[in-house]
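Okay, structure first, notes after.
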Number of protein chains: 2
Amino acid sequence: MPTGAKSRRVYLSLLERISAGRLEPSQKLPGEEQLAEDFGVSRVTVRRALDALAENGFLTRRAGSGTRVRPRSTAPQQVTMDFSTLLPQLVEIGRKTEVRLLSSRIDQPPEHVARALGLEPGETVQIARRTRSIGGTAYSHLTTFVPARIAAGISDADLSSEPLHVLLERNGVKIADARQSVSAALAGPEVAATLGVPEGSALLSLDRIVRDAGGRGVEFLSGLYRPDMFRLDMSLTRVDHGGGRHWEPAITPLEETPR
Amino acid sequence: MPTGAKSRRVYLSLLERISAGRLEPSQKLPGEEQLAEDFGVSRVTVRRALDALAENGFLTRRAGSGTRVRPRSTAPQQVTMDFSTLLPQLVEIGRKTEVRLLSSRIDQPPEHVARALGLEPGETVQIARRTRSIGGTAYSHLTTFVPARIAAGISDADLSSEPLHVLLERNGVKIADARQSVSAALAGPEVAATLGVPEGSALLSLDRIVRDAGGRGVEFLSGLYRPDMFRLDMSLTRVDHGGGRHWEPAITPLEETPR
DNA sequence: GAAAGCTGTATCATTGATAATACAATTAAC
DNA sequence: GTTAATTGTATTATCAATGATACAGCTTTC
């Protein structure tokens, strides 16, 4: 992403048009001189924005020929979290995903985590930072908080290999339900570095509170995902119900996955 | 958001810590001089970042006293889209939401929209841009594409008042199902202006393809949402199914909404 | 009320981004 | 090939962001 103010504005403006589909794939952009006039900036500034867009894979440039919108087919390998199948956990597309443990420690949780899990004042948690990758590229940055009393038997080696659900259930935890909230966040320097995205790019953010049969919080997950590599899909059906018509999540059995 | 490069970096770095909860609400930050040394920049640059964070509601500053993380209670009015109730459409929290029509026209759709809806080559669509607001503040920017043959009877007045589903069903369309995909995107100048957020901030992005009973696409929605005002919530239950344990969307009847 | 610590404000030198211009290299069309 | 349009590269001048420093004003603490 360009560092300067004007070039950044041009960058975002063009990115907006590309993302919204107003600039079609393979479509030729106006010349640099024309764009400079359109935006009211100099050609140098336009070039900075176009260079950055090209570097981030949105455009292809060729001397003499012009600048074109890169078709989406060039997009990196994708991972989809799908709620329409009975497997809302990670479904791998292509290859399996790999986990890497960045750090783990026992510490006091942030206040909002303690509240969400319903912890006693002063109670500690195991805080683990991990990434999930596909094809060698990290697509998510996960921070998990597990009450220390529950996490007792979970080693760093465990964290590097198995999903946390599995580890918890192996520890005798009866996982009952989870509540997720999806939002968006900017990539700060640390996360940007681990995910290999430019600082200040948009990430999908997902918070998940997992509870056991007794209603006690057993895990708080805070995940950040690269939007170009990760999608959250949902299917809905329109059903009659009582007085009016409503939407309802569609649940497709795994055996007959559509597409 | 700061325009310069270094101040922007400080801004994002602090925002990252606040969002992740590593800087607790009401917690006092190190002094400006200390922060300047930590980040290896001058105090002027730190101030720019802090000023911007304060202006965007993340910090409170008081001369003589210090700078503190603002508790989340000050957050603007929120809207939640909840999949755990039987109303995955918009559920209003507090007041109702208002619609404003920005523009509408009949035109050729972008290629990816035509493909998603399964349109004939050259077929036109009604393209409408709208915002939804709550308490006078816009929290979403919606662009909808409806095949022109279906949208025939839909006027601008209709678009300004009713949800599109209702209008379509009034036109005799039998809506059967929808497929949604959630992601994140940066706010470009246009959208940033209509949503009242700084350019380059992170937005939740939602694409929805609505199909009728015959499997034909009747609506393509591309929505951008302010993450501080809009959340997408989902509840899951852990169920035994066949060989192993799976996650499944929890569906709570409206009559007994939990919390 | 004195002291310490903090934010608010101002100044000036320095560094980096932007503008304006010119020209070279590449490509596509005729 | 020649032409026209395009991107790539370079130079210099101008303007905006940053750095360094100093000091004023507000808060809390003792």
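Numbers restart at 1 for each chain; the letters A, B, ... are given by sequence-line order, proteins then strands.
Taking the C1' atoms of five terminal pairs at each end of the helix from C:dG1-D:dC30 to C:dC30-D:dG1, the two resulting helix axes are inclined by 40°, rounded to 10°.
With rounding to whole Å, A:Leu35 atom CG is found 10 Å from D:dT6 atom P. Rounded to whole angstrom, the span from the CZ atom of A:Arg48 across to the P atom of D:dT7 amounts to 17 Å. What separates CD of A:Glu37 from P of C:dA20 is a distance of 12 Å, to the nearest Å. Atom CZ of B:Arg8 and atom P of C:dG16 are 19 Å apart (whole Å).
In this structure, CD in B:Gln126 is found 5.0 Å from CD1 in B:Ile106, a value given to the nearest 0.5 Å. Atoms CZ and OG1, from B:Arg208 and B:Thr144 in turn, are 10.5 Å apart once rounded to the nearest 0.5 Å. How far OG1 of A:Thr67 is from CG of A:Leu35: 8.0 Å, rounded to the nearest 0.5 Å.
In B:Arg130, the CZ atom is crowded: over 12 heavy atoms of neighbouring residues, nucleotides or ligands sit closer than 6.0 Å.
Of the N and O atoms on the side chains of B:Thr143 and B:Arg129, at least one donor lies less than 3.5 Å from an acceptor on the other residue. In this structure, a donor-acceptor pair under 3.5 Å is absent between the side chains of A:Ser181 and A:Asp207.
Remark: B:Glu123 pairs with B:Arg149 by the side-chain hydrogen bond (donor to acceptor under 3.5 Å, both in side chains) rule, at least two apart or across chains. The salt bridge (Lys or Arg N to Asp or Glu O under 4.0 Å) search around A:Glu32 returns A:Arg43, A:Arg47, A:Arg61, not counting sequence neighbours. Applying the salt bridge (Lys or Arg N to Asp or Glu O under 4.0 Å) test to B:Glu111 and every residue at least two apart in sequence or in another chain returns B:Arg115.
Nearest heavy atoms, B:Gly122 versus B:Gln108: O-OE1, 3.1 Å.
Using a 30° and 60° split on the angle between ring planes, B:Phe230 and B:Tyr225 fall in the parallel class, below 30°.
Proximity of B:Thr45 to the phosphate of D:dA17: no side-chain N or O atom is located under 4.0 Å from OP1 or OP2.
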Do any N or O atoms of the protein come closer than 3.5 Å to N or O atoms of nucleotides 10-16 of chain D, and which pairs are they?
none

*asked:* Output one letter per nucleotide in nucleotides 3-8 of chain C: B when a protein non-hydrogen atom lies under 4.0 Å from the base, S when only the sugar-phosphate is that close, - when neither is.
replied: --BBBB
